[in-house]
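Please read the structure below before turning to the comments.
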Amino acid sequence: MTPSKREPAAAVLFDIDGTLVDSNYHHVDAWSRAFADVGIPVDAWRIHRSIGMDGTTLVSMLTGDADDDVQERAKDLHSRYYKESASLLRPLPGARGLLEAVHQLGVQVVLATSAPDDELAILRDVLECDHLVSAMTSSADVDTAKPKPDIINVALERAGVKAAHAVFVGDAVWDVEACKRAGVLAIALLSGGVSKCELEEAGAHQVFEDAIDLCQHLDDTPIAALANLVGAR
């Protein structure tokens with residue numbers, strides 16, 4: 001959808017991993033195997049709590065003082081193992097329906113992810129929703145992703161909207177923290193495996209179980225206000 005020149009543009013920015021696609025635990029497995037291969041075993045629960053964070057920051061935090069070569073090898077191995085699981089990836093319940101509902105409201109759908117381009121291509125194939133999307137981002141757009149706000153700011157710029165005219169939907173504490181720094185309201189989903197309490201403490205405006213739950217209560221969220229903003233109702 002192209003923003004109207006006569007009306008305020010509005011957009012819903014969507015994270016993908018754990019929000020629209022059931023991929024978080026595939027990432028955990030891929031990272032676990034990668035870290036074991038480079039000789040730095042990391043407990044799976046520690047990896048899970050870091051999913052959604054910028055990849056370089058994740059590796060640095062979980063491998064401690066490992067040298068740059070080891071960290072780069074871990075990232076390459078993660079990418080390899082993750083791609084091997086691509087056939088197992090599925091859209092989360094209600095994901096496509098949620099994107100369609102937002103699109104029908106006249107509000108832009110933006111994929112605001114920091115996934116590398118090759119992983120983003122896999123996720124887009126899983127979602128089959130490119131016809132609903134007006135803009136998207138990838139890790140190539142920023143030096144450091146969440147919890148820094150850079151990827152949010154790039155998404156806003158590509159959509160041509162102000163922070164006040166956008167809502168972000170994600171599943172991780174890192175999503176919510178990035179939104180706070182960018183001045184964008186965040187709605188969080190539990191489908192990434194993070195507790196409601198943690199998401200609320202991080203600053204999530206609302207928390208829903210999954211995309212289906214959010215879609216069923218769309219009229220009770222700031223997304224409905226965005227539709228009124230653009231005169232879609």
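Just the heavy atoms: all of them, side chains too, but no hydrogens, waters or symmetry mates, feed the values below.
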Residue pair [X] / [Y], side-chain heavy-atom distance below 4.5 Å:
| X | Y | value |
| --- | --- | --- |
| Q206 | H217 | no |
| T113 | E119 | no |
| P91 | V126 | yes |

Between [X] (side chain) and [Y] (backbone), is there a donor-acceptor pair under 3.5 Å?
| X | Y | result |
| --- | --- | --- |
| S138 | S114 | no |
| S85 | L88 | no |
| Q108 | A159 | yes |
| R90 | S87 | yes |
| S50 | R46 | yes |
| S60 | T56 | no |
| D210 | I212 | yes |

If you group Ile, Leu, Val, Met, Phe, Trp and Tyr by side-chain heavy-atom gaps below 4.5 Å, do [X] and [Y] land in one group?
| X | Y | answer |
| --- | --- | --- |
| L226 | L214 | yes |
| I223 | V207 | no |
| L99 | I16 | yes |
| M136 | V169 | yes |
| W174 | V28 | yes |

Grab the two heavy atoms, one from [X] and one from [Y], that are nearest each other, plus how far apart they are.
| X | Y | value |
| --- | --- | --- |
| S79 | D118 | OG-OD2, 3.8 Å |
| V161 | A10 | CG1-N, 3.7 Å |
| A115 | D17 | CB-OD2, 4.5 Å |
| V21 | L123 | CG1-CD2, 3.8 Å |
| V102 | V12 | CG1-CG2, 3.7 Å |
| P222 | V167 | CB-CG2, 3.9 Å |

Inset, instruction - Check step by step if side-chain contact (heavy atoms from CB on, under 4.5 Å) holds for R73 and L77. - result: CA-CA 6 Å; R73 184 165 173 247; L77 286 166; 4.0 Å; yes
Inset, instruction - Decide side-chain contact (heavy atoms from CB on, under 4.5 Å) for W31 and L62; before the verdict, give the C-alpha distance in whole Å, the side-chain angles of both, and the deciding distance to 0.1 Å. - result: CA-CA 10 Å; W31 279 120; L62 294 177; over 6 Å; no
How many angstroms lie between [atom1] in [X] and [atom2] in [Y], if you round to the nearest 0.5 Å?
| X | Y | atom1 | atom2 | result |
| --- | --- | --- | --- | --- |
| E100 | L132 | CD | CG | 5.5 Å |
| T19 | F14 | OG1 | CZ | 9.0 Å |
| D43 | R49 | CG | CZ | 13.0 Å |
| L98 | L218 | CG | CG | 6.5 Å |
| H103 | C129 | NE2 | SG | 11.0 Å |
| F35 | I40 | CZ | CD1 | 8.0 Å |

Check residues 180-191 and write down every donor-acceptor pair under 3.5 Å in which the side-chain atom is one partner and the other belongs to a residue at least two apart or another chain.
{"unit_1": "K180", "atom_1": "NZ", "unit_2": "A202", "atom_2": "O", "d": "3.3"}
{"unit_1": "R181", "atom_1": "NH1", "unit_2": "P147", "atom_2": "O", "d": "3.3"}
{"unit_1": "S191", "atom_1": "OG", "unit_2": "G18", "atom_2": "O", "d": "2.7"}

Inset, instruction - Please name all residues satisfying ring pair (Phe, Tyr, Trp, His ring centres under 6.0 Å) with Y25, sequence neighbours left out, ordered by chain then number. - result: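 Counting only residues at least two positions away or on another chain, Y25 forms a ring pair (Phe, Tyr, Trp, His ring centres under 6.0 Å) with H48.
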Legend entry - side-chain contact (heavy atoms from CB on, under 4.5 Å) evaluation trace for R124 with V133: CA-CA 10 Å; R124 289 168 63 188; V133 176; over 6 Å; no
Inset, instruction - Take atom CD of E157 as the centre, draw a 6.0 Å sphere, and report whether it contains more than 12 heavy atoms from other residues, nucleotides or ligands. - result: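 No, the 6.0 Å shell around CD holds no more than 12 heavy atoms from other groups.
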Inset, instruction - Decide ring-ring contact (aromatic ring centres under 6.0 Å, His included) for Y82 and H26; before the verdict, give the C-alpha distance in whole Å, the side-chain angles of both, and the deciding distance to 0.1 Å. - result: CA-CA 7 Å; Y82 176 73; H26 295 289; 7.4 Å; no
Inset, instruction - Verify side-chain contact (heavy atoms from CB on, under 4.5 Å) between D175 and F168, making sure each step is shown before the conclusion. - result: CA-CA 8 Å; D175 294 328; F168 185 95; 3.6 Å; yes
Inset, instruction - Could you tell me whether D54 and K148 make a salt bridge, using a distance below 4.0 angstrom between a side-chain N and a carboxylate O? - result: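 Salt bridge flag = no for K148 with D54.
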